[in-house]
Number of protein chains: 2
Amino acid sequence: MKKETVSSYLEQYNLSTMFPDRVQQAMQLETYTGGNRLFSQGEKSDTLYLLVEGKLKVSRLSPEGKRLILAFKSPFDFVGDIEYIRKCTLINTVEAVTTTTVIRIPYEALENSMTNNTEWLQFLLETITHKFELKSHAMNFSLLYAVDVRVASYLLAMTPNDTTLDSTSLVDMADLIGTSYRHLNRVLKQFEEQGWILKKRGKITIINRDSMLKQFGNNIYE
Amino acid sequence: MKKETVSSYLEQYNLSTMFPDRVQQAMQLETYTGGNRLFSQGEKSDTLYLLVEGKLKVSRLSPEGKRLILAFKSPFDFVGDIEYIRKCTLINTVEAVTTTTVIRIPYEALENSMTNNTEWLQFLLETITHKFELKSHAMNFSLLYAVDVRVASYLLAMTPNDTTLDSTSLVDMADLIGTSYRHLNRVLKQFEEQGWILKKRGKITIINRDSMLKQFGNNIYE
DNA sequence: ATAATAATGGGACATATGTCCTTTCGGTAT
DNA sequence: ATACCGAAAGGACATATGTCCCATTATTAT
């Protein structure tokens with residue numbers, strides 16, 4: 001099967017005309033195997049990542065050592081864009097969940113060639129404001145609703161066309177939703193008792209989506 | 001005392017050179033008395049607001065009618081910037097807390113004259129990524145820490161050079177922190193019993209800042 | 001001066017949630 | 001086949017938190 005290149009990915013995501021040749025020359029494909037870390041919170045930041053294949057986990061630790069998973073990311077998405085604009089160190093830790101391919105773009109190449117490119121600046125505004133909206137919604141959601149609603153919303157959102165969640169670990173799921181592993185288990189057991197899901201060794205299948213929607217319907221995570 | 005104008009506010013905030021004359025001509029000063037609403041969530045959005053004097057409260061209602069206060073804003077800040085980029089309806093309700101002055105800038109004026117102004121686009125990127133950082137930090141904070149830590153951080157953050165909080169109502173404070181009015185009262189009573197604050201009819205004075213910092217120090221809200 | 005209203009304050013009750021620790025079970029290595 | 005390890009599962013206990021409702025007090029309107 002033909003190997004993907006920077007050019008073919010940019011074409012696939014309609015970005016070929018966005019970047020002049022000398023920026024594309026500076027771009028490099030890189031593939032990480034699942035479990036490997038791209039970078040860690042607090043490190044110096046000099047590269048913008050475009051996630052083009054696979055799945056990334058974005059997390060951070062509190063000063064007390066408690067981990068919070070901020071997001072799982074899938075293509076197409078930027079990582080390091082906020083740090084690029086703000087010129088600060090990396091805010092979060094990012095790891096590959098599955099085999100993952102990114103395009104690495106040195107900040108320097110962007111600064112030399114894209115700083116006054118209004119199409120690029122507008123594109124960044126689009127993507128960053130979209131992230132802001134999602135973040136804002138997620139924050140409101142977590143402040144307004146208890147853990148059971150948040151779990152239900154997560155399960156429903158993660159299975160738009162399917163009934164089985166992909167194999168996210170339960171510890172990761174708890175850290176994403178912002179609750180303890182123990183409590184997540186309680187809630188999932190309740191959902192099983194209600195007849196909404198089947199749960200076996202962390203593998204979750206939704207068996208009565210309509211009933212869950214009826215119960216939680218107004219509050220679906222997106 | 002001389003009345004402020006659009007020009008004098010733009011000068012005060014170093015924005016005179018950012019906007020060409022025809023955009024400045026379209027700007028209008030408007031003053032709202034405390035308690036008055038600028039606009040409500042869900043309304044059509046056609047104006048970018050620059051808050052130049054006073055204090056605004058940004059809030060929203062859940063489908064169940066529960067209110068969340070997202071932020072209190074003070075000068076200099078944009079309101080409606082996310083909606084301007086995303087071309088969507090207003091995400092939140094905004095009200096004046098005190099007598100408040102804003103500069104209203106029609107989106108149309110910006111679209112006609114600023115869409116390809118790279119200085120403006122960069123400026124928006126700066127301010128929006130800053131908001132994103134604050135939002136992200138606030139979200140992480142609320143997921144990682146219980147109500148008592150969040151209350152302490154809020155009290156400490158709101159009194160950088162003073163000992164008495166301004167007169168935010170306790171209901172508003174509870175809605176901002178994302179807890180019930182009842183629970184906020186429990187926490188404040190605890191802080192009073194610990195000798196950290198004096199609380200009388202909702203007026204809060206911090207009387208032992210050092211002790212609070214020692215207890216909660218790693219987790220100050222900014 | 002008085003009445004009405006709104007904000008403050010808190011009791012009672014129930015549920016939600018975190019922490020700590022142990023047991024079970026499936027996957028992996030030998 | 002067996003041992004080891006890590007993820008899943010759940011008991012026990014304590015605290016955090018929400019909900020509902022009522023009493024008190026200060027502010028505002030008459």
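Just so you know, these numbers come straight off a predicted model, no measurement behind them. Keep in mind that the numbers below use all heavy atoms, side chains included, and drop hydrogens, waters and symmetry copies. Protein chains get the first letters and strands the later ones, always in sequence-line order, with residue 1 at the start of each.
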- Item | Between C1' of D/dG18 and CZ of B/Arg67, the distance in whole Å | 17 Å
- Note on the structure: If each end axis of the helix from C/dA1-D/dT30 to C/dT30-D/dA1 is fitted on five C1' pair positions, the angle between them, to 10 degrees, is 40°
- Is it true that the side chains of B/Asn161 and B/Thr159 contain a donor and an acceptor less than 3.5 Å apart? no
- Message: Measure CD/B/Glu192 against C1'/C/dT8 and give the value in whole Å, please.
- Response: 13 Å
- Distance-only donor-acceptor test, B/Arg182 side-chain atoms vs C/dG11 base atoms, 3.5 Å: yes
- Please determine which of A/Leu68, A/Val151, A/Val187 meets the side chain to side chain contact (heavy atoms under 4.5 Å, CB included) test together with A/Ile177. A/Val151
- Query: A/Arg209 side chain to A/Leu156 main-chain N or O, any donor-acceptor pair under 3.5 Å?
  - Reply: yes
- B/Tyr49 side chain vs B/Ile103 backbone, donor-acceptor pair below 3.5 Å: no
- Query: Between A/Lys66 and B/Asn185, which is nearer to the 5' end of DNA chain C once each is assigned its nearest nucleotide?
  - Reply: B/Asn185
- Picking from C/dA16, D/dT19, D/dA9, which would you name as closest to the side chain of A/His183? C/dA16
- Query: With no hydrogens and no angle check, do the side chains of B/Arg86 and A/Thr129 hold a donor and an acceptor under 3.5 Å apart?
  - Reply: yes
- Walking DNA chain C from its 5' end, the first of A/Gly178 and B/Lys203 to be reached, judged by nearest nucleotide, is B/Lys203
- Query: Between D/dA7 atom P and A/Leu188 atom CG, what is the distance in whole Å?
  - Reply: 17 Å
- Message: Return the CD to CG distance between A/Glu30 and A/Leu38, rounded to the nearest 0.5 Å.
- Response: 7.5 Å
- Result for 5'-nearest mapping on DNA chain D, choosing between A/Gly202 and B/Thr179, is A/Gly202
- Of the nucleotides D/dG10, C/dG26, C/dA16, which one has an atom closest to the side chain of A/Ala146? C/dA16
- Distance-only, no hydrogens or angles: does the B/Lys66 side chain make a donor-acceptor pair with backbone N or O of B/Asp175 under 3.5 Å? no
- Any side-chain N or O of A/Lys199 under 4.0 Å from OP1/OP2 of D/dA9? yes
Every protein N/O lying under 3.5 Å from an N/O of nucleotides 28-30 of chain D:
none

- Task: Would you indicate, yes or no, if C/dG10 has its OP1 or OP2 atom less than 4.0 angstrom from a side-chain nitrogen or oxygen of B/Lys189?
- Result: yes
- Measure the shortest side-chain to side-chain distance between B/Asp81 and B/Leu48 over non-hydrogen atoms and say whether it is less than 4.5 angstrom. yes
- Examine the base of C/dG18 for any acceptor or donor lying under 3.5 Å from a partner atom in the side chain of A/Arg186, and report the outcome as yes or no. yes
- Message: Distance criterion of 3.5 Å, no angle test: do you see the side chain of B/Tyr181 paired donor-to-acceptor with the base of C/dA7?
- Response: no
- Note on the structure: residues 83-106 of chain B vs ring-ring contact (aromatic ring centres under 6.0 Å, His included), sequence neighbours excluded, gives B/Tyr84-B/Tyr107
